Amino acid sequence: MTKFRNQAEVVVYNSLSRKKEVFIPINPLHIGMYVCGPTVYGDAHLGHARAAITFDLVFRYFSHLGYKVRYVRNITDVGHLENDADEGEDKIAQKARLEQIEPMEVVQYYTVRYHKNMDQLNVLRPSIEPHASGHLIEQIAMVEKILKKGYAYEVDGSVYFDVEKYSKNHHYGILSGRKIEDLISNTRKLDGQSDKRNSADFALWKKAEPSHIMRWPSPWSDGFPGWHMECSAMGCKYLGEQFDIHGGGMDLLFPHHESEIAQSTVANEKSPVRYWMHNNMITLNGQKMGKSLGNAISLDNIFAGNHPLLEQAYSPMTIRFFILQAHYRSTLDFSNEALQAAEKGLKKLLVASTTLKKLKAVKGAAAQGIEAIAKACYDAMNDDFSSPVAIATLFDAVKLINAANDGLLAINETDLHQLKQLMDDFIFHILGIQDEEAGSDLELVDGLMQTIISLRQEARVKKDFATSDVIRDSLGKLNIVLKDGKDGTSWELK
RNA sequence: GGUCUCGUGGCCGAGUGGCUAGGCAGCGGUCUGCAAAACCGUGUACAGCGGUUCGAAUCCGCUCGAGACCUCCA
């Protein structure tokens, strides 16, 4: 296994080049990764889960390969406007006004809930989780830098990035594949007055209206930073002027990430990011699931099963497995049928993993292609984090395990060791699956179960099937399934 | 309207020129007191029409359909 791990050459699809590229970090053995986190004004939904799980997979895999990864994922708690990019109300402030609480109460409330959901999904906490509101100084400094270089202008206390000027010697649209002329001609004319010289320009700093509760002093006005500023400022602060990976949902590609590139390129005179990675959307009946579309199902709803579209509750690990069974760059359509299939598939995988622990090695038997399976798993992950292919390959290992358990296949000590290593590495460490059934008092329960099973076995030997069936049925009501096999009876939770 | 992506068997979902993806469901069998699980076997899938090629789901063109971005959204 180690040998595949060491040989690994990871290929990453770079949104910037629209091609797969061999991943080479700026500093050997160290990786800097920045991912756009949530704007904390509402509960996390499936889309948040997908983004978090996608980059959790990247984080886990690179860590597994031996890289030291500094993973920064921000919390947006200021500057994210509700409607038109520069005229709407701040999302946090709006929520605070509606609920008559402090904006920071909104932030705290939803941040805590976000963390809870991510923990449930077994998403590892990032190395640094900076808040936009905690980095006003850095953001203001960056705006000043851009102003000084002449790529921004101030109007009535607000500062805007001059996209037209930037386009003269840079390519605004390099990431999203847009042309500046199209952007200028296609951007919708906003109602009301705009201080911007050009509709494609975006705000670096906004002056706060008197009614606006979230405000900070700056050289230009009491106000707040533009949405794109935070990621540029915080990414630079914690990962440097240029870092390896920047991730986020595809919907952030334009204008958010495009603008980040423009700002940082001007401020630091270099492109901020080597590899841009974007996860695709989750769809519901073929349509994107999104907060603004009102069709987003919250994770709490899914875990509890209380939403009109849900036929049942789905556990966090089912959701995680469901998401990992699709490649991160494909859209993934939500349906009860698909989730139920994922639930069953996951169970099969986990049962096999438990079976594996009890498996006994047979002396001298030949290798059973375990190396090939391990190699295929690493190949899949090295190919732009293809978790669906890795999972498919793990099911090949499941076949081996079950066959060995049924005595149809002999596995020797070396094979067994390799197989255990493979399953453990991939299922639990790389894919980040947890066995939800495995409780701390499992040993006690198993002891009790062995007693019950032996009593029932006595009945069965006496052909007292009435008694044995009563035992099985009543355990069934507790969601415990008994399985009578050749070598005795085993049990598992439904 | 502009830019881009996608269309794979009952469902989900891999696969970029020739070799079984995989999961779920179904069917037949083995095992079992009966079940469950597991195992074995089982599917003329690649939106349509043309073209390139010895050979295409895979490359090219067109048609149809779906979606994303161009406003906030993971």
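Note: hydrogens, waters and symmetry copies are ignored here, and every other heavy atom, side chains too, is used. All values derive from a computational prediction rather than experimental measurement. To find a chain, count down the sequence lines: A is the first, B the second, and so on, and within it residues start at 1.
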Can you check the distance between [N] and [M], where both ends of the measurement are the [atom1] atom (answer in whole Å)?
N     : M     : atom1 : answer
B/C39 : B/C31 : C1'   : 9 Å
B/A14 : B/A56 : P     : 25 Å
B/C72 : B/A66 : C1'   : 24 Å
B/A57 : B/U53 : C1'   : 16 Å
B/U58 : B/C27 : C1'   : 31 Å
B/G55 : B/G17 : C1'   : 8 Å
B/G43 : B/U20 : C1'   : 12 Å
B/G48 : B/G65 : P     : 15 Å

Measure from the side chain of [X], starting at C-beta and using heavy atoms only, and say which of [options] lies closest.
X        : options             : value
A/His327 : B/A74, B/G22, B/A14 : B/A14
A/Ile282 : B/A38, B/A74, B/C70 : B/A74
A/Leu408 : B/C39, B/C72, B/A74 : B/C39
A/Pro388 : B/C11, B/G13, B/A25 : B/G13
A/Ala392 : B/G22, B/C24, B/G33 : B/G22
A/Lys483 : B/A37, B/G33, B/C39 : B/A37
A/His45  : B/C34, B/A74, B/C12 : B/A74
A/Trp227 : B/A14, B/G23, B/C72 : B/C72
A/Arg50  : B/A74, B/C24, B/A14 : B/A74
A/Asp469 : B/G23, B/A68, B/G33 : B/G33

Centroid-centroid under 6.0 Å between [X] and [Y] rings:
X        : Y        : answer
A/His278 : A/His257 : yes
A/Phe243 : A/Tyr275 : no
A/Phe161 : A/Tyr172 : no

At 4.0 Å (heavy atoms only), tell me whether [X] reaches a base, stays on the sugar-phosphate, or touches nothing.
X        : result
A/Asn279 : base
A/Leu253 : nothing
A/Glu492 : nothing
A/Lys288 : base
A/Phe465 : base
A/Arg18  : nothing
A/Gly345 : sugar-phosphate
A/Thr355 : nothing

Assess the side chains of [X] and [Y]: does a donor N or O sit below 3.5 Å from an acceptor N or O?
X        : Y        : answer
A/Glu21  : A/Ser17  : yes
A/Asp43  : A/Tyr114 : no
A/Tyr61  : A/Asn382 : yes
A/Asp201 : A/Ser199 : no

(message) Contact between A/Asp384 and A/Tyr328 at the side-chain level, heavy atoms closer than 4.5 Å - yes or no?
(response) yes
(message) Within the 4.5 Å heavy-atom criterion, are A/Leu324 and A/Thr54 side-chain neighbours or not?
(response) no
Interatomic distance, [X] [atom1] vs [N] [atom2] [rounded to whole Å]:
X        : N     : atom1 : atom2 : answer
A/Lys179 : B/G1  : NZ    : P     : 17 Å
A/Leu356 : B/A37 : CG    : P     : 21 Å
A/Ile433 : B/G23 : CD1   : C1'   : 13 Å
A/Lys358 : B/A37 : NZ    : P     : 17 Å
A/Tyr172 : B/U3  : OH    : P     : 18 Å
A/Ile453 : B/A35 : CD1   : P     : 20 Å
A/Ile373 : B/A21 : CD1   : P     : 17 Å
A/Leu346 : B/G23 : CG    : P     : 14 Å

With a 3.5 angstrom cut-off on both distances, give the Watson-Crick or G-U wobble partner of [N], or none if there isn't one.
N     : result
B/U3  : B/A68
B/G17 : none
B/C34 : none
B/C59 : B/G51

(message) Keeping A/Arg73 on the side-chain end and A/Glu129 on the backbone end, is there a donor-acceptor pair under 3.5 Å?
(response) no
(request) On RNA chain B, check which nucleotide each of A/Asn280 and A/Phe254 is closest to and give me the residue with the more 5' one. (result) A/Phe254
(request) Map A/Leu482 and A/His256 onto RNA chain B by nearest heavy atom, then report which one ends up closer to the 5' terminus. (result) A/Leu482
Phosphate oxygens OP1/OP2 of [N]: is one of them under 4.0 Å from a side-chain N or O of [X]?
X        : N     : result
A/Asn405 : B/A38 : no
A/Thr39  : B/C72 : no
A/Lys347 : B/G23 : no
A/Lys291 : B/C72 : no
A/Lys399 : B/C39 : no

[N] base to [X] side chain: any donor-acceptor pair below 3.5 Å?
X        : N     : answer
A/Asp484 : B/C34 : yes
A/Asp396 : B/G22 : no
A/Arg472 : B/A35 : yes

